[in-house]
Every structure is written in C-alpha cells, then in structure tokens.
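Below is one structure; the comments refer to it alone.
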Amino acid sequence: LCAEFLERIVITFLERMLDPFKCVRATAITGLAYLTQRAGWLLARWLEPIIGQMVSCLKVYQKKNRLILYDLFDRLATALPEEIAAPKVAQAFVPLLLQQWQNLANDDMELCLLMQAMSTLTSVMGLSFQNCAKALAARCFLLWETALVSEKENNMKPTEATIFMIQAIDLLGGLADGLHESFFQVIEGSKIKLLLFETLKNPHSKEIYQSALALVGDVARCAFPFFDDVVPQFLDLLATNFMDLTKTTEVCHLNNALWATGEIALRYGSRLKPIATPLLTLLVRVLVNESEDLAPAVKQNAAVTIGRVSLVCSELVAPHLEQFAEQWMDVMRMAPNNQEKVDAFMGIVKAIQLNPQGVFEHFAYVCDAISSWDPKFLPPPLAAQFREILFFFRNEVGTEQWQSFLNDPEFDPTVRECLQQLYGL
C-alpha cells in the first residue's frame, strides 16, 4: 500500500512538472525535491522516469524553474549516488547539463546554482564527466581567479564574488572525489597552488575558507605531487587553525584543517620529521582539550591525524604517548570502521611498540579501543599487531595479575569476551 501511494505521488509530481502554469511546475519540482530528501533510496525504482522528465523540463524551462531543477539534480545525487551514476541514467542528462554549462556566461548567477549541483554529481559519478573534466576545472580556475581579482578591485559585489569562488572551489573538490588519482591530469599545469595559498592566507569569508581547506585535503589525497615542494608552507597555514581553541573557533574550519593535515602527512612520509614534533604538540592540544564547545568529530579528526603522523614518524610520537593515550583510545573506540581508522591504529600501534610503557597506565582504554573493531572490517595485519601488544602486556604483568585485571568488576565484560574470543586471552 505504501509503495502504491508513493508511486501515485511521484507520478503526480512528474505530470505537473510540465503543467501549463509555471507556478504549478515550480511547486511540483519543489515537492519532488522534498520527497527525494525524505524518501531517499525508496525512489530508486522511479529514477529513470524522473530523470527523463527532468531532461524534458530542462529543455523548455526558463531561468526561475531551472534553478529549482538544479537543486533536484543535487538532491537525487545525494540520495541515490550509485543509481544516478549508472551509465544509462548518466547518458540521459549529463550532455544536457554540460550544454547548459557552456551556454551560461561567467557572470550569470544561474551558473552558481548549476555548479552547486555539478559538485555533487561529479563527486558520485566522476567517470561520466571524465572527458570534459579538464575543461570544467579550467573554467573553475578562471572563475576563482576572477573573483579574487574582483574582490581586490571592487569590480564585483562582494557577495557575488564569494558565491562564485565557493562554487568553483567546491566543484573542483567534486571532481577530485569522483576522479580520484585521475584528478592529477585534470589540474596539471594549473594555478591551483597559488590560488589555494592566496585564498587560505587572505580568506574573504568563512565559507570560502572552509571550502579551500577541504580542497587542500582533496588535492593531497588525489594529486599529492602538486604539494610535494610546498608542504611546509601549507602545513603552516593549516596549523593556524589549531592554535586558538576558543568558543569562536569554527568547527568546520578545524575539522577540514585536521583532515587535510592528515592527508598530507600520510603522503609526505618521513620527510615530515623536521616538523612532526611541533605539529604533534598542536594536535594533542586539540585532542585533550576539555572544552564542551569542541564537537566529538573534531577530536576524532585530531586522533586520526595523530595516528597518521605516527604512521610516518612513530619514533617521534612514541615518547609522547603518555600525554594523550587515554583520550586517543577513548575517542577512537567510537570511530567508524573505515580506512582512516585503519591508518590511525596502524600508526599508534607502531608508537606503542616503540614505547609500551607510554600506555601502561591506560591499558584498559587500549583494550576497549581494540575491542571496538568489528572483526569483519579489521585487517589481518592490524589484528596480528593487536595480538602482539596484548600478549606483550600479559607477559609483562604475569598470568596471575593479568587474570586479576580481566576479572576486575569494573572491567567491561564485552571487552573481556572480545579479548578471549578473538585474541585467545
């Protein structure tokens, strides 16, 4: 019954999207956009007819309703990323969107709404944009640079310059997400380093700064050779976000800066050593900060970044374990089982192996963090290192004290069960 009711709603919206009255069309698109946000994957079975009707609308709509249509593309890509990336679906609408992209002038605010939708679309269906990605990026760089110059010379309204800059940066981020390592060829020969450096050094708005920080992480992740010769300069810019942890600290800035720092550290490798210790000091300040204004996600990002620094410079992190081991373990036990968590634990394990005494006083937290892993997502090499650490500590304290530790009434029984079943302790 629910499926039949939903189908009737979808069909009604689709029919009304080409109603003779423009206001009815606008209401139908807005309604379908809201339904997409609420129903999500439940709309997958109707995606092809929805896209087909949107293509028909795009051919005849005037500007006002096209703007609402762009928002619907954005929401569909967010709600149904895999389905909308299917070649048959993509071929139905991508060429028409690219035609719109080419038809709009660089100072047309409609372009910003289209770019916002394309940021999401490119991030989930990068291959569909691969052939035109370099041209898309080139225009983004032009819009970005033009907006920077316009703000300096007051040739453009500040709000317009800000919007164009944000959308250009976000679309480049979408291309990076969708193309992965192929993003390197897309930005080859571009001014991306100069534009990012100028934007981070002299941010014209909080929103621009947030987008620029995220793009630093995207470029590091997908096209690190571009940063190879300027890593210290960019790390200095990122680190300014870790120095003033007050109520006025922008959480989104802090999160993006932490993530970007971790992505750079992971790829810079042992060359990070000259600045690893001062960087670690700043990261630990974020992790152990007791302010309630710092969201859990911030501390989790700080912990992941510390783990990634340790992955490449464990000998410099190991002596400082006692300063942050308890908070690190407590935060990371709540982290989702993904590659970032793998990197972080692999790094911290290397530090523990070099300085086991650094976590001795916090070993209950170590056990808790180890047991937080879902065995299905735990890589065998990491599981082997966990086992090695656990047996090392058992042998250090002796069997009798180890059993006393496990049987302590305050010791979590689920953690005890995990250690016994997965690691034979």
Side-chain angles (χ1 to χ4, degrees), residues 73-74 77-78 81-82 84-85 90 94 97-98 101 111-112 114-145 147-148 164-200 203 207-231 234-235 237-238 252-253 255-268 301 304-305 308 338-340 343:
F73 275 114
D74 191 347
T78 301
E82 293 182 9
I84 205 167
V94 170
L97 282 185
L98 293 175
W101 164 269
L111 181 61
C112 289
L114 177 56
M115 291 170 72
Q116 183 175 330
M118 289 179 68
S119 298
T120 308
L121 289 166
T122 53
S123 70
V124 301
M125 49 191 298
L127 292 178
S128 298
F129 291 89
Q130 192 162 24
N131 292 335
C132 61
K134 200 166 183 69
L136 293 177
R139 192 174 187 186
C140 287
F141 291 130
L142 176 62
L143 292 167
W144 187 355
E145 187 173 13
L148 280 174
F164 272 105
M165 213 182 305
I166 291 170
Q167 298 306 335
I169 295 170
D170 287 351
L171 180 48
L172 288 166
L175 286 168
D177 280 342
L179 297 174
H180 307 293
E181 288 76 13
S182 299
F183 186 61
F184 181 89
Q185 285 77 35
V186 171
I187 59 174
E188 194 171 13
S190 72
K191 297 180 179 179
I192 192 166
K193 279 189 297 190
L194 293 173
L195 291 170
L196 274 172
F197 194 82
E198 173 65 23
T199 304
L200 291 176
E207 294 80 10
I208 292 173
Y209 189 61
Q210 177 183 342
S211 292
L213 288 170
L215 186 57
V216 171
D218 288 327
V219 175
R221 179 170 52 90
C222 302
F224 184 74
F226 274 90
F227 282 155
D228 210 38
D229 59 338
V230 291
V231 164
F234 272 94
L235 285 178
L237 288 172
L238 294 172
C252 53
H253 294 172
N255 263 332
N256 286 356
L258 287 165
W259 174 69
T261 299
E263 293 293 336
I264 291 174
L266 193 62
R267 290 157 181 83
Y268 201 47
N301 269 325
V304 168
T305 304
R308 285 179 157 180
N338 55 25
Q339 187 56 49
E340 289 187 356
D343 292 342

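Between I264 and V216 there is a side-chain heavy-atom pair separated by less than 4.5 Å.
The OG atom of S211 lies 11.0 Å from the CG atom of L196; values are rounded to the nearest 0.5 Å. Between the CG atom in L175 and the CD atom in Q130 there is a gap of 10.5 Å [rounded to 0.5 Å]. In this structure, T261 OG1 and Y268 OH are separated by 13.5 Å, a value rounded to the nearest 0.5 Å. A distance of 10.5 Å separates CG of N131 from CG of L136, quoted to the nearest 0.5 Å. Rounding to the nearest 0.5 angstrom, the gap separating the CG atom in N301 from the CG atom in N256 is 8.5 Å. Distance check: I192 CD1 to F226 CZ gives 7.0 Å after rounding to the nearest 0.5 Å.
Looking at residues two or more places apart in sequence or on another chain, you find a salt bridge (Lys or Arg N to Asp or Glu O under 4.0 Å) between E198 and K152. By the side chain to side chain donor-acceptor pair (under 3.5 Å) test, Q185 is found to be paired with no residue, residues two or more places apart in sequence or in another chain being considered. Every residue was checked against the side chain to side chain contact (heavy atoms under 4.5 Å, CB included) condition with E181, not counting sequence neighbours, and none meets it. Scanning for ring pair (Phe, Tyr, Trp, His ring centres under 6.0 Å) contacts around F73 gives F93, with sequence neighbours left out. Residues forming a ring pair (Phe, Tyr, Trp, His ring centres under 6.0 Å) with F141 (at least two apart in sequence, or on another chain): none. Applying the salt bridge (Lys or Arg N to Asp or Glu O under 4.0 Å) test to D343 and every residue at least two apart in sequence or in another chain returns R308. Under the rule for a ring pair (Phe, Tyr, Trp, His ring centres under 6.0 Å), the partners of F234 that lie at least two apart in sequence or sit in another chain are F197, F227. Remark: A90 engages V94, M125, S128 in a side chain to side chain contact (heavy atoms under 4.5 Å, CB included) (not counting sequence neighbours). R139 is linked by a salt bridge (Lys or Arg N to Asp or Glu O under 4.0 Å) to nothing, counting only residues two or more places apart in sequence or in another chain. Residues satisfying the side chain to side chain contact (heavy atoms under 4.5 Å, CB included) criterion with K134, sequence neighbours excluded, are E188. Not counting sequence neighbours, the partners of C112 by the side chain to side chain contact (heavy atoms under 4.5 Å, CB included) test are M109, I163, F164, Q167.
In the displayed structure, Q339 atom CD is contacted under 6.0 Å by more than 12 heavy atoms of other residues, nucleotides or ligands.
Residue L172 comes nearest to C140 through the heavy atom pair CG-CB, 3.8 Å, listed as atom of the first residue, atom of the second, then distance. Contact detail for A176 and D218: the closest heavy-atom pair is CB-CB, 3.8 Å. Listed here is the closest heavy atom pair of V231 and F224: CG2-CZ, 3.7 Å. Summarising the geometry of A133 relative to L179, their closest heavy-atom pair is CB-CD1, 3.6 Å, with the distance given to 0.1 Å. Between T199 and L195, the shortest heavy-atom contact is OG1-O, 2.7 Å. The minimum heavy-atom distance linking P225 with F184 is given by the pair CB-CE1, 3.5 Å.
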Using atom types as modelled, flag every donor-acceptor pair under 3.5 Å from a side chain in residues 114-124 to any protein atom, sequence neighbours excluded.
residue : atom : partner : partner atom : Å
S119    : OG   : M115    : O            : 2.9
S119    : OG   : L171    : N            : 3.2
T120    : OG1  : D74     : OD1          : 2.7
T122    : OG1  : M118    : O            : 2.7
T122    : OG1  : S119    : O            : 3.1
S123    : OG   : T120    : O            : 2.7

Audit row: L213, N255, side chain to side chain contact (heavy atoms under 4.5 Å, CB included) steps and yes/no:
CA-CA 9 Å; L213 288 170; N255 263 332; over 6 Å; no
Using the side chain to side chain contact (heavy atoms under 4.5 Å, CB included) rule, take D177 and F183 through it: C-alpha gap first, then chi angles, then the decisive distance, then the call.
CA-CA 9 Å; D177 280 342; F183 186 61; over 6 Å; no
